[in-house]
Amino acid sequence: MEYRAYGNSGLMVSAVGFGGMRFENPADLDACAQTVVHAALEGITYFDTAPFYCGGNSELIFALAFKEMRRLELPFMVSTKSSRVRDDELRKDLEASLKRLDVEKIDFFNAWCVMTMDDWAMRKERGAIGAIMKAKEEKLIERACFSTHLSGDDIRKVVDEGYFEGVTLGYSAVNFPYREEGIRAAFERKIGVAVMNPLGGGVIPNNEEAFSFLKTSPEEPIVDAAIHFLLADERISTILVGFRNLRDVDEAIAAVASYREPGIDRLKDIKEKIVQNFDRLCTTCQYCNVCPQGIEPWKFMEAANSLYLKAQDPAERLKWHWNVSIDELDKCIKCGACETACTQKLPIMERFEELKAVVGDRKRPKHPK
Ligand code: SF4
Ligand code: SF4
């Protein structure tokens, strides 16, 4: 395992971290805890969880694993989160996480999922950020961090305010231009960077051919290539992979072991190809599921990815994969709520029109001449 500096904190973390949101069978706490211990035995030291991951079981799984890891004297650091805006509510979340995880302190405590600059302002105003700082003084928190779906420019604004020693953000070959400025700001400020969603929510492995330019050889597995793309970025402290089972852990460990530096020209070439072809694809995170009309925008947005990836006919995708009709989009009142909620700030309504033009037109009956 490779270890990297977490900003200028003097702390080294494993280049791949354990994302605790995708356990295969989270009801089986013992089996999941074994996966965590296995990762620690393989050298992973950064473990990321949250109160609601896996129906609330994720923190309990880590607590079980940590007990065993202490017995085996394996080093570990834990990251968890709270999305509360009020100080007393955040404090309650923190205390509940400490209890569930059975630890005396949280190594990385994130103001969870800062979505907009208004949201950020509210967390300061209503005391959540103050409560994090207070808990840090009390040594209940080692490092104050924030996790976010803001654009790169807005991440820079938050980073520049100087509250945090780390940022946790979604970053991959799918959306890197959108978050680039945030990574740059974190590096300049010398704060840690934990990257979530390295496979773009499955977009990369599901569209292997379209992303094949990430590979250094035809034999290289696409998942390795996507992880290598991130390992090549020295500004990233740790890449959080959402492990389901032991096999997933072994695959990520193998990906780190097979990593070779790509050279500046090759990296530049890869980045240019991504910007040209795939800037701002939907990562199917489902945060846009806020529609007052009952539309599930993410299903249509995933199908709209096909317009750019040219991997599958979007009409087929809507019909056979998602079982939704393009006619559903006629219910859209263009309120914009889904766009405000979108983690990639995608022009959802514009994409609907593009989809309708391609899929809807095909369905319309042609007048006999
Ligand atoms: S813009 Fe349309 S799809 Fe989006 S939330 Fe509003 S009604 Fe729903
Ligand atoms: S449209 Fe945006 S919020 Fe919705 S699933 Fe795609 S990336 Fe996520």
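Note that the numbering runs from 1 along the sequence shown for the chain. No hydrogens, no waters, no symmetry mates; every other heavy atom, side chains included, goes into these values.
Qualifying side-chain contact (heavy atoms from CB on, under 4.5 Å) partners for C288, counting only residues two or more places apart in sequence or in other chains: P297, W298, C338, I348. A search for side-chain hydrogen bond (donor to acceptor under 3.5 Å, both in side chains) contacts involving T49 returns S58, not counting sequence neighbours.
The one candidate from V159, T168, I132 that meets the side-chain contact (heavy atoms from CB on, under 4.5 Å) condition with F146 is V159. F109 pairs in a side-chain contact (heavy atoms from CB on, under 4.5 Å) with only one of the listed residues (L98, L90, L140), which is L90.
Checked for salt-bridge contact, R91 and E95 meet the test: a charged N lies under 4.0 Å from a carboxylate O. Classification of D88 and K92 as a salt-bridged pair fails, no side-chain N sitting under 4.0 Å from a carboxylate O. Salt-bridge formation is not detected for the pair R126/E89: no Lys NZ or Arg NE/NH1/NH2 atom is positioned less than 4.0 Å from an Asp or Glu carboxylate oxygen. Between K81 and D48 a salt bridge is recorded (basic side-chain N to carboxylate O distance below 4.0 Å). In summary, E353 and K356 engage in a salt bridge, as defined by a charged side-chain N under 4.0 Å from a carboxylate O. Comment: R244 does not engage E24 in a salt bridge, judged by the lack of any side-chain N to carboxylate O separation of less than 4.0 angstrom. Salt-bridge check for E2 with R4: passed, with a basic side-chain N closer than 4.0 Å to an acidic carboxylate O.
M122 belongs to a hydrophobic cluster whose other members, connected by ILVMFWY side-chain contacts under 4.5 Å either directly or through intermediates, are V85. Residue V13 is found in a hydrophobic cluster whose other members, listed by chain and number, are Y6, L11, Y46, M77, F108, M196, L240; membership requires side-chain heavy atoms under 4.5 Å apart, directly or through intermediates.
The closest side-chain heavy-atom distance from T216 to Y259 is not below 4.5 Å. I326 is listed as a side-chain neighbour of L318, based on a closest heavy-atom distance under 4.5 Å. Residues D102 and F66 are not in side-chain contact: their nearest non-hydrogen atoms beyond the backbone lie 4.5 Å or more apart. Here the side chains of K105 and I141 are not in contact, with every heavy-atom distance at 4.5 Å or above. By the 4.5 Å heavy-atom criterion applied to side chains, K157 and M117 are counted as neighbours. Looking at heavy atoms from C-beta onward, V114 lies out of side-chain contact with S147 at the 4.5 angstrom threshold. For the pair L74/L41, a side-chain contact is recorded, criterion being any heavy-atom separation below 4.5 Å from C-beta on.
When every heavy atom of T35 is checked against every heavy atom of L246, the shortest pair comes out as CA-CD2, 3.6 Å. Contact detail for E339 and P347: the closest heavy-atom pair is OE2-C, 3.4 Å. The two residues Y287 and A341 make their nearest non-hydrogen contact at O-CB, 3.5 Å. I239 and P198 make their closest contact through CG2-CB, 3.6 Å (heavy atoms, listed as atom of the first residue, atom of the second, distance). Residues S258 and D224 approach most closely at OG-OD2, 3.7 Å, considering heavy atoms. Pairing each heavy atom of V78 with each of L101, the nearest pair is CG2-CD1, 4.1 Å.
Residue I253 is grouped with residue F229 when hydrophobic side chains (ILVMFWY) are merged at heavy-atom distances under 4.5 angstrom, including chains of intermediate members.
For residues 8-23, the set of pairs meeting the salt bridge (Lys or Arg N to Asp or Glu O under 4.0 Å) definition, not counting sequence neighbours, is empty. Screening residues 188-197 for side chain to side chain donor-acceptor pair (under 3.5 Å), with sequence neighbours left out, gives R156-E188.
Rounding to the nearest 0.5 Å places CD of E251 at 9.0 Å from CD1 of I227.
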Trace of the salt bridge (Lys or Arg N to Asp or Glu O under 4.0 Å) decision for K299 with E302: CA-CA 5 Å; K299 292 185 176 173; E302 195 275 349; over 6 Å; no
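In this structure, F23 has its ring center closer than 6.0 angstrom to the ring center of F18.
Using modelled atom types, no side-chain atom of N110 and backbone atom of W112 make a donor-acceptor pair closer than 3.5 Å. Under a 3.5 Å cut-off, the side chain of T238 and the backbone N or O of A194 do not form any donor-acceptor pair.
Taking the six-membered ring for Trp and thresholds of 30 and 60 degrees, F164 and W120 have ring planes inclined between 30 and 60 degrees apart.
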